[in-house]
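Read the structure below first, then the notes.
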Number of protein chains: 2
Amino acid sequence: MRIREAAERSGLNPKRVRYYERVGLIEPARRLDNGYRDYDERAVHELRFIHRAREMGFGLERIRRLLALWRDRSRPSSEVKAVAEEQLGELDAKIRRLTELRENLKHLAQCCDGDHRPDCPILEELSREEAAAVEQELDEREAG
Amino acid sequence: MRIREAAERSGLNPKRVRYYERVGLIEPARRLDNGYRDYDERAVHELRFIHRAREMGFGLERIRRLLALWRDRSRPSSEVKAVAEEQLGELDAKIRRLTELRENLKHLAQCCDGDHRPDCPILEELSREEAAAVEQELDEREAG
DNA sequence: GATAAACCTTCCCTCGATGGGAAGGTCAAG
DNA sequence: CTTGACCTTCCCATCGAGGGAAGGTTTATC
C-alpha cells in the first residue's frame, strides 16, 4: 500500500504522514524498489490512532507518549490517565484564559454605542494611561 | 528615547517593537546619527496601545485595523464595535471547540480506572475501528 | 511507442508572534 | 583601555501543517 492509500484509510493526507515520519512519531516506512514508501495494515492502525488523537486535541508530543503506552500491552492505565489529565489541565487553562478575554471584551463591546459617533469605550480602554506602567517603571528602577 | 526605554514604557521589549515596525504596524522610527531608533511620546502611546490590544487577545491584523480607527478621530464607533464583534465570534468559536474537546476527554478519563491494569477506554477510543473510515472510503470511491 | 494523468520523492517557503543568539557597532563609566 | 550595556541586522526555532517546485515512476489511453 502506497502513501496515498495509507493516508486515506487513516483519515490523513500524504503530507501529514510524511511529516509524522519525519518527526519520529512513526517508524520510517519500508521502501519499494522505486523508493516509494510501503505501508501495511499495522501502519494504517498507527496512523489512524494519531489522526484520532489529533482530533481529540492532543499535541504531537503527547501523542508520542500515548503511542508508546498503546504499544506497551502491559501499561498501567494510570499512565494513560495521567497524560489525559495533563491535557485536561491545559484545556482548562486555555478555556479559562479565552473566557476571561471574552468576558472582558464583551463588556466593552456592550458599552460601545456602535453608531456614527467616534466615542468608543474599547479604544478608550486600549489607550488608557495606566498606573501599571508607572509602577512597572518604578519596579525596574529599584531593581536595577 | 531609544528602543529599550520606549519598549519598557509601553510594556513591550525591543524585539517586539522592532517586529511591529518590520510588519508595518508602526511607522519606521526616526534614526539617530549612530543608526539607533529614536522614539517620542507619541510612539510610546502607539506601542502601549498595541501592547494592551495584544493583552486583550487581538491578533496583529485586527490591531492594525484598530490602530487605523484610533488614529482617525472621525471614526464611527460602529466600526470599532464591528472589529470587536469579529474577535468575540472567534473567541466564542475557540471556546466552544476547546470545551467540546474537554468534555469528551473528561468523560473518557472518568471512565478510566487509572490503576495498574492495562485496560483503558482512552486508548480504546483512539484505536477504535470506525464505520466513519469505511464511509469515507466509499465516498471517495464514488466521487472518483 | 508517445503522451498524459496520477502518483511518488525531496526540498524549501509560508503561516503568527515571538524568543534566542550570533556578529558587529556605539557609547559611557571606571 | 577595557568592561558592560546598549544598539544594529541577520538567521534559526517554535507547532503542525499546507503550497508548490523540480524531478522520477507508473498506468492508461491513443
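Each chain gets a letter, A, B and so on, in the order its sequence line appears, and its residues count up from 1.
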Once side-chain contact (heavy atoms from CB on, under 4.5 Å) is applied, do any residues pair with [X], and if so which ones, sequence neighbours excluded?
| X | answer |
| --- | --- |
| B/Ala53 | A/Leu126, B/Phe58, B/Ile63 |
| B/Glu61 | B/Arg64 |
| A/Ser78 | A/Pro76 |
| A/Leu101 | A/Arg97, A/Leu98, B/Leu91 |

For this session: For the helix from C/dG1-D/dC30 to C/dG30-D/dC1, measure the angle between the helix axis at one end and the axis at the other, each built from five pairs, rounding to 10°.
Result: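 Nearest ten degrees gives 40° for this helix.
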Exercise. Where along residues 19-47 of chain B does a heavy atom fall under 4.0 Å from DNA chain D?
Worked result: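 Under 4.0 Å from DNA chain D: B/Arg31, B/Gly35, B/Tyr36, B/Arg37.
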Problem set entry | B/Gly59 vs A/Lys15, nearer the 5' end of DNA chain C by closest nucleotide |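 Residue closer to the 5' terminus by nearest nucleotide: A/Lys15.
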Exercise. For the side chain to side chain contact (heavy atoms under 4.5 Å, CB included) test, which of A/Asp119, A/Asp115, A/Ile122 pairs with B/Ser77?
Worked result: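 Filter result, single survivor: A/Asp115.
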Just the rounded figure in Å: distance from [atom2] of [N] to [atom1] of [X].
| X | N | atom1 | atom2 | answer |
| --- | --- | --- | --- | --- |
| A/His51 | D/dA17 | NE2 | C1' | 14 Å |
| B/Arg18 | D/dC10 | CZ | P | 12 Å |
| A/Asn13 | D/dG16 | CG | C1' | 11 Å |
| A/Glu90 | D/dC15 | CD | P | 12 Å |

Exercise. Are any of the side-chain nitrogens in A/Glu46 or A/Arg71 under 4.0 Å away from the carboxylate oxygens of its partner?
Worked result: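 Judged by the 4.0 Å cut-off on N to carboxylate O distance, A/Glu46 and A/Arg71 do form a salt bridge.
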Problem set entry | Partner residues of A/His116 under the side chain to side chain donor-acceptor pair (under 3.5 Å) criterion, sequence neighbours left out |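 With sequence neighbours excluded, A/His116 shows a side chain to side chain donor-acceptor pair (under 3.5 Å) to no residue whatsoever.
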Problem set entry | Pairs where residues 11-20 of chain A contributes a residue and the test side-chain hydrogen bond (donor to acceptor under 3.5 Å, both in side chains) is met, not counting sequence neighbours |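 Counting only pairs at least two positions apart or across chains, the side-chain hydrogen bond (donor to acceptor under 3.5 Å, both in side chains) contacts touching residues 11-20 of chain A are A/Arg16-A/Tyr20.
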Exercise. With sequence neighbours excluded, what pairs up with B/Arg4 under the salt bridge (Lys or Arg N to Asp or Glu O under 4.0 Å) test?
Worked result: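 For B/Arg4 there are no salt bridge (Lys or Arg N to Asp or Glu O under 4.0 Å) partners, ignoring immediate neighbours.
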Exercise. On DNA chain C, which is the earliest and which the latest nucleotide, 5' to 3', with an atom closer than 4.0 Å to a heavy atom of chain A?
Worked result: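 The contact span of chain A on DNA chain C goes from C/dC7 to C/dT10.
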Identify each donor-acceptor pair in which a side-chain atom of residues 23-37 of chain B lies under 3.5 Å from a protein atom, sequence neighbours left out, and give them as a table.
| residue | atom | partner | partner atom | Å |
| --- | --- | --- | --- | --- |
| B/Arg31 | NH1 | B/Gly35 | O | 2.8 |
| B/Asn34 | OD1 | B/Tyr36 | N | 2.9 |
| B/Arg37 | NE | B/Glu21 | OE1 | 3.0 |
| B/Arg37 | NE | B/Glu21 | OE2 | 3.4 |

Exercise. Which residues pass the ring-ring contact (aromatic ring centres under 6.0 Å, His included) test with A/Tyr39, sequence neighbours left out?
Worked result: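 Here no residue qualifies.
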